[in-house]
Visitor: 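Once you've had a glance at the structure underneath, I'll fire off some questions.
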There are 2 protein chains.
Amino acid sequence: MTTEPRQGAQAIRRALMVLRILAAGRETGVPLTEVVQATGLTRPTVHRIVHVLIEEGIVERHEKTGRYAIGGQVPELALARPSRSPLLAAADNILARTSQRVGDTLFLTVRTGNDTLCIDRRIGSYPIQVLSIEVGARRPLGVSSAGVAILAAMPTPDARKIVTANEVRFAGYRTSVATVLSQIALAKRRGYNLREAGLVQGTKSLSTWIKTPDRRPAAAITVSAVRTRLGPRREQEVAEILLEAALAIEKKIESLP
Amino acid sequence: MTTEPRQGAQAIRRALMVLRILAAGRETGVPLTEVVQATGLTRPTVHRIVHVLIEEGIVERHEKTGRYAIGGQVPELALARPSRSPLLAAADNILARTSQRVGDTLFLTVRTGNDTLCIDRRIGSYPIQVLSIEVGARRPLGVSSAGVAILAAMPTPDARKIVTANEVRFAGYRTSVATVLSQIALAKRRGYNLREAGLVQGTKSLSTWIKTPDRRPAAAITVSAVRTRLGPRREQEVAEILLEAALAIEKKIESLP
DNA sequence: GGTTTGCTGTCCATAATGTGGACAGAATTG
DNA sequence: CAATTCTGTCCACATTATGGACAGCAAACC
């Protein structure tokens with residue numbers, strides 16, 4: 001039962017749009033033009049918003065590069081909340097165990113708005129590990145393996161809506177609405193998502209989804225490994241392990257609160 | 001060299017004002033009326049702002065109590081930044097060592113706007129410990145022992161300005177502009193701040209300040225203990241230890257970046 | 001060295017946006 | 001069941017935020 005629109009706050013909504021784009025830029029930040037492109041706002045508007053946010057300490061500007069990034073006051077506001085989310089708490093042990101069993105790096109990714117956000121990473125024991133994605137990494141839903149998995153876990157019309165909304169941002173990741181939609185369809189049929197060409201060359205990823213007690217997608221577990229380590233046979237094995245882990249986390253969430 | 005005003009963003013500034021008030025309410029949150037009182041905005045305006053922020057996931061509303069609190073998306077945005085601030089990194093070891101030497105609970109508190117924010121806490125070894133203040137606790141500058149210490153570390157006019165700005169909020173903490181100003185004067189003379197009656201009954205606090213390389217106040221270290229444990233002699237001892245710790249942290253900050 | 005390209009920053013007339021007084025419901029209290 | 005205290009909603013109005021147009025600056029190109 002989602003409450004419908006609400007007006008009288010265009011500026012605030014726009015500011016948040018900007019913030020979310022900046023968040024995707026992590027420490028390095030994002031140049032103004034890119035924010036303009038990603039938000040669809042005009043340049044003077046973005047400029048004004050960003051500079052007010054700087055005055056307020058919510059955004060920082062890197063002197064050298066001129067890029068804009070999330071400022072120091074955001075973590076300060078975040079301190080007002082209990083430190084670990086219920087999902088993170090529920091997943092903790094299970095991820096640790098699963099990461100040991102698999103030996104490759106595991107990622108826990110949630111949906112936030114139209115983005116995916118990596119909230120946990122467990123490094124495996126195998127000597128070659130894919131570490132490109134870090135905790136805090138944020139990308140448009142549909143771009144990453146986890147993103148496709150999460151989209152595959154929701155009703156097709158909903159997924160379609162999100163993918164369309166992200167269309168403008170896909171360009172930067174060399175993908176398209178059509179590609180993403182077909183990936184979602186494939187993942188739905190398979191029961192998990194598989195990505196042959198990861199964001200890093202020569203890697204392969206496999207994601208399963210986690211749903212909340214009310215059956216809405218909550219997160220995804222992803223394994224990333226160098227391609228040679230995920231042949232057809234091992235793919236089956238790993239998929240089963242991840243599906244198991246996802247189920248275990250779902251159960252734990254139900255039992256906790 | 002602070003850049004001067006900037007207009008065209010009243011709404012955004014107001015939203016942030018609201019957010020900061022909500023942050024002070026931590027997990028329990030704040031009722032609408034209190035936000036109205038603290039911000040000086042009208043009720044319809046606050047109501048609108050808060051509800052837009054709810055739609056955006058930045059604010060949450062507790063079903064039972066109807067109170068408003070910082071929402072789950074704020075920590076998500078915070079993930080875009082490196083996890084530990086330079087100050088926290090610099091203070092880490094020194095706080096641990098000092099906490100051992102003193103035996104009572106230590107707090108590290110920073111200034112953020114017109115508030116103090118507790119960003120670290122080290123529990124001591126002595127069997128009776130004052131734990132009332134938690135990491136994330138946020139109060140108007142001037143209300144807590146650490147707040148007075150930080151104000152004492154800045155030029156009097158600056159401090160006076162902040163204290164005046166906080167006047168409306170002091171009522172809720174049973175203090176006043178005059179009281180705070182006299183406490184600041186006392187702390188300045190003494191070189192550290194002493195508070196006989198802590199926020200919790202029967203406790204006593206002692207705070208020293210930490211300055212950044214450019215000599216602006218950055219933070220405060222506070223010891224809180226039951227009153228009987230901080231007699232005149234021990235007060236001297238503890239003060240010296242804290243002053244030493246503050247100096248050590250200042251040096252470490254300079255050496256790091 | 002000119003000129004083109006790609007970026008950031010600023011102005012200001014304009015209309016769309018956010019505002020807040022007034023009204024209403026809901027819950028608690030005496 | 002009036003009185004009080006909270007939250008939520010409406011809508012006429014003017015204050016606020018908007019964005020087209022202009023400007024500066026650096027790097028890349030000819």
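As a basis for the values below, the full set of heavy atoms in this structure was taken, side chains included, without hydrogen atoms, waters or symmetry mates. Per chain, numbering begins at 1; letters A, B, ... match sequence-line order. Note that the structure is predicted; figures quoted are calculated from it, not measured.
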Visitor: Would you mind reading off the distance between A/R61 atom CZ and C/dT8 atom P, rounded to a whole angstrom?
Guide: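 Result: 7 Å.
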Visitor: Between B/R67 and B/E34, does at least one N-O distance fall below 4.0 Å, as a salt bridge requires?
Guide: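 B/E34 and B/R67: not salt-bridged.
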Visitor: With hydrogens left out and only the distance checked, is there a donor-acceptor pair under 3.5 Å joining B/R43's side chain and the base of C/dG20?
Guide: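 Result: no qualifying N/O pair found.
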Visitor: B/R48 CZ to C/dG21 P: how many Å, rounded?
Guide: 12 Å
Visitor: Below 4.0 angstrom, N of the basic side chain to O of the carboxylate: do A/R111 and B/E76 qualify?
Guide: no
Visitor: Does the side chain of B/H47 get closer than 4.0 angstrom to OP1 or OP2 of D/dG8 through an N or O atom?
Guide: yes
Visitor: Starting at atom CD1 of A/I49, determine the distance to atom P of C/dG9, rounded to an integer number of angstrom.
Guide: 14 Å
Visitor: Quick one: is C/dG20 close enough that its OP1 or OP2 comes under 4.0 Å of any side-chain N or O from B/T45?
Guide: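 It does, given that an N or O in the side chain of B/T45 lies less than 4.0 Å from OP1 or OP2 of C/dG20.
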Visitor: Provide, to the nearest angstrom, the distance between the NE2 atom belonging to B/H51 and the P atom belonging to D/dT9.
Guide: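 Atom-to-atom, B/H51 to D/dT9, this comes out as 7 Å.
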Visitor: Can you tell which of D/dT7, C/dC11, C/dT19 lies closest to the side chain of B/A11?
Guide: C/dT19
Visitor: If you measure only the distance, is there a donor-acceptor pair under 3.5 Å linking the side chains of A/T116 and A/T109?
Guide: no
Visitor: Check this for me: A/R215, atom CZ, are more than 12 non-hydrogen atoms of other residues, nucleotides or ligands nearer than 6.0 Å?
Guide: yes
Visitor: A/L32 has an atom CG; how far is it from atom P of C/dT10, in whole Å?
Guide: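 So the CG-P distance, A/L32 to C/dT10, works out to 12 Å.
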Visitor: Which part of the nucleic acid, if any, lies within reach of A/R14 when heavy atoms closer than 4.0 Å are counted: base, sugar-phosphate only, or nothing?
Guide: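 Contact class for A/R14: sugar-phosphate only.
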Visitor: Among A/M17, A/R14, A/R169, which residue satisfies the side-chain contact (heavy atoms from CB on, under 4.5 Å) criterion with A/T39?
Guide: A/M17
Visitor: Atom CG of A/L41 to atom P of D/dA17: distance rounded to whole Å?
Guide: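 Those two atoms, CG and P, are 15 Å apart.
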Visitor: For B/T33 and D/dT7, is the shortest distance between a side-chain N/O and OP1 or OP2 below 4.0 Å?
Guide: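 For B/T33, the contact criterion (side-chain N or O under 4.0 Å from OP1 or OP2 of D/dT7) is met.
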Visitor: Tell me whether the side-chain N/O atoms of A/Q10 come closer than 4.0 Å to OP1 or OP2 in C/dA16.
Guide: no
Visitor: Figure out the CD1/P separation between A/I54 and C/dT8, and round it to whole Å.
Guide: 12 Å
Visitor: Could you tell me whether the phosphate oxygens of D/dC6, OP1 or OP2, come under 4.0 Å of any side-chain nitrogen or oxygen in B/Y68?
Guide: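 So the side chain of B/Y68 is outside the cut-off, no N or O lying under 4.0 Å from OP1 or OP2 of D/dC6.
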Visitor: Let me know the distance between CD1 of A/I12 and P of C/dT19, rounded to the nearest Å.
Guide: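 One finds 7 Å between P of C/dT19 and CD1 of A/I12, rounded.
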